[in-house]
Amino acid sequence: MSDTFDLVGVGFGPSNLSLAVALRERGSRLVARFLEARPAFAWHPDMMIAGSDMQVSFLKDLVSLRNPRSAFSFLSYLHAKGRLTRFINRKTFFPSREEFNDYLGWVAGQLDVCSYDRRVTAIEPVRSGGEISALRVSAESASGAREHFLARNLVLAPGGRPYWPEPFAALRGSARVLHARDYLGGVAARLRPGTRIAVIGGGQSGAEIFADLAGRPEAPRVEMILRAGAPRPSDDSPFVNEIFHPEETGRFHALPPEARERRLAEAQPTNYSVVDHDLIATMYDLLYEQSVRGEDRLALRARTSVLAAAEDADGIRLRLVGAEGETRAGYDLVILATGYRRGIDRALLGGIGDWWTGAPPARDYRLPMAAGFGPAVFVQGQSEPTHGVGDTLLSVLALRSDEIAEAIEAQGHRGFALAAE
């Protein structure tokens, strides 16, 4: 049996959650259903490190840039929770990551549009009269129960894929190597006094994990291994932040490919392999105070790359290369703070991949499909090369979701008209 929907969304993180809110606030008549593999709403649950703050203003929530009066804004959340006055007293635009996650869950709890514990296993075309008229989305629960959904339109928001550098590719099944995405759940219970831990990567996640481990009562031995000479500060100055202006997406999309590449290269210091200024200061203080005590539990291995990794009875052995040549080091745990990879490929599209023309998404985030393919397929958070660095960030959610909602409504209206004829 299959239920039929005007829209099926794959994934229910902030992107598709924002789309669900946009449809609600537009008074849309489209019938939508979102499918999420997790058993309940959660946003990076294993990176809810105590004391970690957002790197984006609360005003760039799910709705405010589109509708400042929305009942689903962060300010509405604070008012509903009775914390508005106390938040104002903090004199900050940046809530903790834990609080922003609670805000997202608060919004999700008001929308009965998501089926949780539904891991999408297939997306297949449905033919009618020689053309593709709908999509059959198959999902499976943790218990093995299977369910099918017929979609007139599809929105894919799978998030990023954890990146495992090539030296660690053969260790993906090892309990001693994990991605930062799984940090809290994968590390906390395994810490012991003196546990040797390597944190690979010099960006925000790696710095947060390094600082968190430094303060753990188990006092593990922690090394951050980074290719740069030092953790680099993020550039969040006002003029640079203009790249996240709502109108910038259209301007960026209109550029020729070579100009887009140059713009993306210029924008690297805003988001990639960079760390907040205050966290850099915290790390420096940790290492300085350690030197005062004459200890060596914490260390930075700067200008160092991992050449190879292997596992033996004693742990993970790394072959490293740095300014002093090749060295070897052993660790009990290795945490890969190496970021995520995003992008559109045929694997992402499942059984409809052969219908994609291979061209990049249009300005409204719709994928160009071959002739005879009727459903509209949209992507969220996978279009940085064509829509700018903000596409992978929270900054564009409110406006992007409204654009997609408008495009789906137009697609739906055309479909209804054809059916009526």
Side-chain angles (χ1 to χ4, degrees), residues 44 46-49 51-53 55 97 159-172 174 176-188 191 195-216 220-235 267-284 286-287 298-311 315-323 327 329-343 384 389 392-393:
H44 297 301
D46 280 316
M47 280 300 290
M48 293 296 142
I49 296 172
S52 60
D53 293 335
Q55 295 172 276
R97 191 174 296 148
R161 300 177 295 277
Y163 174 60
W164 285 62
E166 192 278 331
F168 296 95
L171 298 176
R172 291 198 72 141
S174 171
R176 290 169 166 162
V177 182
L178 66 150
H179 192 269
R181 181 187 67 170
D182 304 311
Y183 168 60
L184 288 177
V187 170
L191 290 180
T195 299
R196 302 166 300 166
I197 302 176
V199 180
I200 311 297
Q204 182 72 17
S205 294
E208 289 178 356
I209 290 171
F210 178 88
D212 182 66
L213 289 170
R216 292 275 177 165
R221 300 185 64 84
V222 187
E223 290 188 355
M224 173 185 265
I225 299 173
L226 63 159
R227 288 178 294 184
R232 294 178 295 186
S234 57
D235 189 345
Q268 290 287 309
T270 67
N271 189 47
Y272 294 105
S273 299
V274 290
V275 183
D276 282 348
H277 292 251
D278 58 347
L279 184 52
I280 290 176
T282 296
M283 294 173 64
Y284 194 88
L286 287 169
L287 293 168
L298 310 173
L300 293 185
R301 282 184 179 248
R303 297 188 176 88
T304 301
S305 298
V306 179
L307 295 178
E311 185 172 13
I316 303 297
R317 308 292 300 177
L318 299 184
R319 185 159 63 91
L320 307 169
V321 62
T327 58
Y331 304 92
D332 301 302
L333 291 172
V334 174
I335 303 169
L336 302 178
T338 47
Y340 298 82
R341 291 295 181 267
R342 301 171 187 264
E384 182 180 279
V389 68
T392 63
L393 307 176

Expected list for residues 299-309: side-chain donor-acceptor pairs under 3.5 angstrom, two or more places apart:
from: Arg301; atom 1: NE; to: Glu223; atom 2: OE1; distance (Å): 2.6
from: Thr304; atom 1: OG1; to: Ala302; atom 2: O; distance (Å): 2.8

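In this structure, the separation between CG on Asp182 and CD1 on Ile335 is 10.5 Å, given to the nearest 0.5 Å. Taking CG of Leu178 as the reference point, atom CZ of Arg172 lies at 11.5 Å (rounded to 0.5 Å). Note: Ile209 CD1 to Ile200 CD1 = 11.0 Å, rounded to the nearest 0.5 Å. Remark: Thr195 OG1 to Leu213 CG distance equals 9.5 Å, nearest 0.5 Å. A distance of 8.0 Å separates CZ in Arg97 from NE2 in His44, rounded to the nearest 0.5 Å. Distance check: Glu208 CD to Asp53 CG gives 8.5 Å after rounding to the nearest 0.5 Å.
Taking 4.5 Å as the limit, some side-chain heavy atom of Tyr272 sits within range of a side-chain heavy atom of Thr392. Proximity of Ser234 to Val275: side-chain heavy atoms (C-beta onward) are nowhere separated by under 4.5 Å. Between Val199 and Tyr183, the closest side-chain pair of non-hydrogen atoms is not below 4.5 Å. Between Val177 and Leu336 there is a side-chain heavy-atom pair separated by less than 4.5 Å. Side chains of Tyr284 and Leu279 form no contact here, defined as non-hydrogen atoms less than 4.5 Å apart. Between Trp164 and Thr338, every side-chain heavy-atom pair lies at or beyond the 4.5 Å cut-off. Between Val274 and Asp235 there is no side-chain heavy-atom pair separated by less than 4.5 Å.
In this view, Arg196 and Asp332 satisfy the salt bridge (charged side-chain N to carboxylate O under 4.0 Å, His left out) rule, not counting sequence neighbours. Not a single side-chain hydrogen bond (donor to acceptor under 3.5 Å, both in side chains) links Arg181 to another residue, sequence neighbours left out. For the ring-ring contact (aromatic ring centres under 6.0 Å, His included) test, residues two or more places apart in sequence or in another chain that qualify with Tyr340 are His179. Not a single side-chain hydrogen bond (donor to acceptor under 3.5 Å, both in side chains) links Arg232 to another residue, sequence neighbours left out. Checked against salt bridge (charged side-chain N to carboxylate O under 4.0 Å, His left out), Asp212 has the following partners two or more places apart in sequence or in another chain: Arg216.
More than 12 heavy-atom neighbours from other residues, nucleotides or ligands sit within 6.0 angstrom of OH on Tyr163. Within 6.0 Å of atom CZ in Arg319, more than 12 heavy atoms from other residues, nucleotides or ligands are found, so the atom counts as buried in its surroundings.
Contact detail for Leu226 and Pro231: the closest heavy-atom pair is CD1-N, 3.7 Å. Across all their heavy atoms, Gly185 and Asp46 have their closest contact at N-OD1, 2.8 Å. Annotation for Gln55 and Asp276: closest pair NE2-OD1, 3.2 Å, computed over non-hydrogen atoms. Of all non-hydrogen atoms in Arg161 and Arg342, the two that sit nearest each other are NH2-C, 3.7 Å. When all heavy atoms of Met47 and Ser52 are compared, the closest pair comes out as O-OG, 4.2 Å. Ala310 approaches Leu171 most closely through the heavy-atom pair N-CD1, 4.2 Å.
In this structure, His277 contributes its side chain and Pro233 its backbone to no donor-acceptor pair below 3.5 Å.
Between Glu311 and Arg176, at least one side-chain N (NZ, or NE/NH1/NH2) sits under 4.0 Å from a carboxylate O, which counts as a salt bridge.
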